[in-house]
Amino acid sequence: MKEESVGLIIGVSIGVVIGLVLAIFAFFCHRYHRKRSQIGNSSSRRAATIPIRTNGADSCTILSDSTLGPESPIKSDRHGMPFWLDGFKKSSSMIPASGLPEYAYKDLQKATHNFTTVIGEGAFGPVYKAQMSTGETVAVKVLATNSKQGEKEFNTEVMLLGRLHHRNLVNLVGYCAEKGKHMLVYVYMSNGSLASHLYSDVNEALSWDLRVPIALDVARGLEYLHNGAVPPVIHRDIKSSNILLDQSMRARVADFGLSREEMVDKHAAIRGTFGYLDPEYISSGTFTKKSDVYSFGVLLFEIIAGRNPQQGLMEYVELAAMNTEGKVGWEEIVDSRLQGNFDVKELNEMAALAYKCINRAPSKRPSMRDIVQVLTRILKSRNHGSHHKNSLSATDEVFIDTDQLENKISVTDHRREESLDSVAEVYEV
Ligand SMILES: Nc1ncnc2c1ncn2[C@@H]1O[C@H](COP(=O)(O)OP(=O)(O)OP(=O)(O)O)[C@@H](O)[C@H]1O
């Protein structure tokens with residue numbers, strides 16, 4: 001009996017020990033599997049960082065892989081960084097990211113007759129006209145230097161323009177990053193830059209009738225950048241040589257090498273073009289949408305006067321503004337080549353708008369949306385005759401509070417662009 005109970009106790013003890021071992025094993029197995037599945041989930045949700053602009057202080061949009069979808073072409077390296085941040089070694093990754101096709105070096109070489117068809121030269125490098133074998137004509141900008149800054153601007157253009165589409169922007173149609181060369185391929189603008197029409201002795205003086213629609217085209221391009229693009233874009237270098245004209249003399253905004261989102265960059269060197277720079281930006285180092293508005297105001301005066309802002313245009317404007325004392329008009333600043341061939345009312349309205357844009361206080365400057373509305377109205381009354389009942393005078397403060405409107409009507413960027421377009425279409429009869 002004694003022996004039997006000892007055996008029973010030993011048996012129970014062994015059973016308990018085995019049970020405990022099994023329980024501990026099962027517990028660790030469970031924990032291990034849970035951890036594995038957590039790792040799996042978190043890596044599939046890990047944020048992919050998509051550089052929107054890599055010029056200067058990088059500004060990024062964070063999208064999760066799940067947002068991108070399982071078939072997302074955007075690949076991250078083991079640190080979760082996109083490949084194309086690493087220079088251009090893996091530039092083909094930019095194709096799906098930018099949505100732009102990559103052109104073959106040899107095709108561009110052939111289309112430009114071995115890079116002999118130069119049509120311009122900018123800070124970025126030479127620009128060539130290229131006749132592709134498909135029949136399309138394009139403009140090819142070749143990055144002249146291998147500097148880091150140049151590469152950054154190349155990256156900026158590809159990433160930025162690849163996602164921006166508007167008929168008043170010079171759309172990027174592709175790029176080439178081959179054989180150590182970096183090239184940007186654009187829609188060809190057969191009438192060259194606005195500057196070449198304002199200042200060239202070869203081209204005839206631009207008629208007044210064309211100047212107002214050109215101003216509206218530029219305003220619409222900028223309005224899209226400020227309010228249609230997600231995230232918004234500030235151009236930072238609005239000037240007449242960055243406005244290009246197509247065969248019907250419709251204008252598009254070009255050159256996004258300096259573009260970036262709104263930012264404070266007190267320590268960075270002032271960038272942009274002398275004569276067009278917002279004084280507030282110079283003193284504070286803060287570049288905002290209103291700094292683009294200032295440059296646009298200078299451009300409007302340049303269009304009116306046919307004078308270069310780098311050669312004292314604004315002093316001339318300030319003198320005229322003092323003389324007018326709000327009563328007379330701006331006739332004295334009009335391009336002398338127009339010799340009376342301009343509409344005085346339109347001129348006064350456009351100059352009054354330009355003067356608002358160059359107000360020293362950014363908060364007193366109109367937004368690009370306001371500007372589009374005013375210029376649209378000017379052209380609308382041109383088409384309807386100057387005695388149109390509902391037309392508004394230049395002195396009326398009619399800037400619509402579109403922010404308030406926006407709160408009421410939630411529209412997608414696309415629809416918003418379309419609705420603005422339909423307002424602006426009015427003059428295109
Ligand atoms: N898409 C295009 N179609 C036709 N001509 C173009 C095109 N892009 C540029 N050009 C021509 O090449 C010139 C140089 O252009 P680019 O944008 O490189 O420099 P920029 O704007 O004149 O000067 P910067 O680089 O200093 O701003 C333009 O003035 C224009 O005459």
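Everything numeric in this text was worked out from a predicted model, so none of it was measured. Ligands are counted one by one from 1 in listed order, and the atoms in each one are counted from 1 as well.
- Side-chain atoms of Asp246 do not come within 3.5 Å of backbone N or O of Ala251 as any donor-acceptor pair.
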Stepwise, does the side-chain hydrogen bond (donor to acceptor under 3.5 Å, both in side chains) test hold for Tyr276 with Gln310? CA-CA 8 Å; Tyr276 295 86; Gln310 297 182 309; over 6 Å; no
Find all protein N or O atoms under 3.5 angstrom from an N or O atom of ligand 1 and list the pairs with distances, or write 'none'.
| residue | atom | partner | partner atom | Å |
| --- | --- | --- | --- | --- |
| ligand 1 | 1 (N) | Val187 | O | 2.9 |
| ligand 1 | 3 (N) | Met189 | N | 2.9 |
| ligand 1 | 17 (O) | Lys141 | NZ | 3.0 |
| ligand 1 | 17 (O) | Asp255 | OD2 | 3.3 |
| ligand 1 | 21 (O) | Asn242 | OD1 | 2.5 |
| ligand 1 | 21 (O) | Asp255 | OD2 | 3.0 |
| ligand 1 | 25 (O) | Ala123 | N | 2.8 |
| ligand 1 | 27 (O) | Lys239 | NZ | 3.2 |
| ligand 1 | 27 (O) | Asp255 | OD2 | 3.0 |

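- More than 12 heavy-atom neighbours from other residues, nucleotides or ligands sit within 6.0 angstrom of CZ on Arg252.
- The closest donor-acceptor contact from the side chain of His235 to the backbone of Ala254 lies under 3.5 Å.
- Using a distance-only test at 3.5 Å, with no hydrogens or angles considered, no donor-acceptor pair links the side chain of Asn191 to the main chain of Leu245.
- At least one test fails for Arg307 against the ring of Phe301: distance under 6.0 Å to the centre or angle within 45° of the axis.
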